[in-house]
Student: 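The structure follows.
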Amino acid sequence: MKRAFYERPVLDVAQDLVGCVVSRGTSSGVIVETEAYHQAEPASHAFVGLTNRTRVLFGPPGVAYVYRSYGIHACLNAVCEPEGVGAAVLIRALEPVEGIELMRERRGVERLEDLCSGPGKLTEALGIGLDLDGTDLLRGPIVITGRSRAWSDVEVAASKRIGITKAADLPWRFSALGSRYLSRPALSRA
DNA sequence: CATGGGATTGACT
DNA sequence: GTCAATCCCATGC
């Protein structure tokens, strides 16, 4: 993936990342669920402006923003839009591809559908911690590559973001239609 | 310096 | 369905 891919409106990047591959060491998976966050909208960590915590969000695109959630889990984002704009795509779920046995060991569960079906789960499965905050997604250790042939025509569904209390109605969650590896089903009942 | 609130998960009623 | 775990960080005194 080139730097310019991330240097675009965060909503475009969030949709285009579905079907792409996240690799970390010998483990990898296809992105099946993302969410977009932008500084202009209060659910985003960048909404508060430039602070020590949000420094990476306002930096160059194509960089990993990893934060601790609820004191327990790490969550992985890809920083988007030009430097100076605070925006990122949260990677919410993967379909496991490589290094599945290692994922099972790290997660302590067996079912494929339980390995990476949530933002905190996939970071545990891939061994991604806060130490990788600010690392370059073009150079690694976390690398994102484009859709393979099999995923080139993936259909992407939009729905409301999960687990937030502010700006909860924005349809900024994107998922691979029909995937069994989502954190939650794509279509929420109205 | 003290406090409150999460971009979650898993266990339990 | 409810709820606790656990810690970083932004905010306010």
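Convention: sequence-line order gives letters A, B, ...; per-chain numbering from 1. This structure is a prediction, so every number in the text was calculated from the model and none was measured.
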Student: Can you confirm if the NZ or CZ of Arg161(A) lies within 45° of the ring axis of Tyr37(A) and under 6.0 Å from the centre of its six-membered ring?
Tutor: yes

Student: So which one's nearest nucleotide on DNA chain B is more toward 5', Asp114(A) or Lys166(A)?
Tutor: Lys166(A)

Student: Taking Watson-Crick and G-U wobble pairs with both distances under 3.5 Å, convert DNA chain C into its dot-bracket string, 5' to 3', dots for unpaired and | for cross-strand pairs.
Tutor: |||||.||||||.

Student: Tell me the side-chain hydrogen bond (donor to acceptor under 3.5 Å, both in side chains) pairs involving residues 128-146 of chain A, sequence neighbours left out?
Tutor: Arg3(A)-Asp136(A)

Student: Taking any atom under 4.0 angstrom from a heavy atom of chain A, which nucleotides of DNA chain B are the first and last to qualify, 5' to 3'?
Tutor: dG6(B) to dG10(B)

Student: Are Val56(A) and Val79(A) packed together at the side-chain level, in the sense that at least one heavy-atom pair is separated by less than 4.5 angstrom?
Tutor: yes

Student: What interatomic distance, in whole Å, is found between C1' of dC3(C) and the corresponding atom of dG5(B)?
Tutor: 16 Å

Student: Between Glu124(A) and Lys121(A) (side chain of the first, backbone of the second, donor and acceptor by atom type, cut-off under 3.5 Å), is there such a pair?
Tutor: no

Student: Would a 4.5 Å heavy-atom cut-off, applied to side chains only, mark Glu41(A) and Trp172(A) as touching?
Tutor: yes

Student: If you look at every strand shown and take non-hydrogen atoms under 4.0 Å, does Arg92(A) touch a base, only sugar-phosphate, or nothing?
Tutor: sugar-phosphate

Student: Sort and list the pairs that fulfil side-chain hydrogen bond (donor to acceptor under 3.5 Å, both in side chains) and have at least one residue in residues 51-76 of chain A, not counting sequence neighbours.
Tutor: His45(A)-Tyr65(A), Thr51(A)-Thr54(A)

Student: For DNA chain B, which residues in residues 52-59 of chain A have a heavy atom at a distance below 4.0 Å?
Tutor: none

Student: Report the distance from atom CG of Leu94(A) to atom OG of Ser179(A), rounding to the nearest 0.5 Å.
Tutor: 10.0 Å

Student: For Ile72(A), answer base if it contacts any base atom (sugar-phosphate contacts may also be present), sugar-phosphate if it contacts only those atoms, and nothing otherwise; contact means non-hydrogen atoms under 4.0 Å.
Tutor: base

Student: Are the side chain of Gln39(A) and the backbone of Gly86(A) linked by a donor-acceptor contact shorter than 3.5 Å?
Tutor: yes

Student: Taking the side chain as everything from C-beta on, heavy atoms only, tell me whether Leu126(A) gets closer than 4.5 Å to Met103(A).
Tutor: yes

Student: Rounded to whole angstrom units, what separation is found between the OH atom of Tyr67(A) and the C1' atom of dT6(C)?
Tutor: 15 Å

Student: So what does Arg184(A) touch, heavy atoms closer than 4.0 Å: a base, only the sugar-phosphate, or nothing?
Tutor: nothing

Student: For DNA chain C, whose closest nucleotide is more 5', that of Val48(A) or that of Leu130(A)?
Tutor: Leu130(A)

Student: Just grab all the side-chain hydrogen bond (donor to acceptor under 3.5 Å, both in side chains) pairs involving residues 7-16 of chain A, residues at least two apart or on different chains.
Tutor: Arg8(A)-Asp16(A)

Student: So, Arg173(A) versus Ser159(A): side-chain donor-acceptor pair below 3.5 Å or not?
Tutor: yes

Student: With DNA chain B as reference, determine whether Lys121(A) or Asn77(A) sits nearer its 5' end, using the nearest nucleotide of each.
Tutor: Asn77(A)

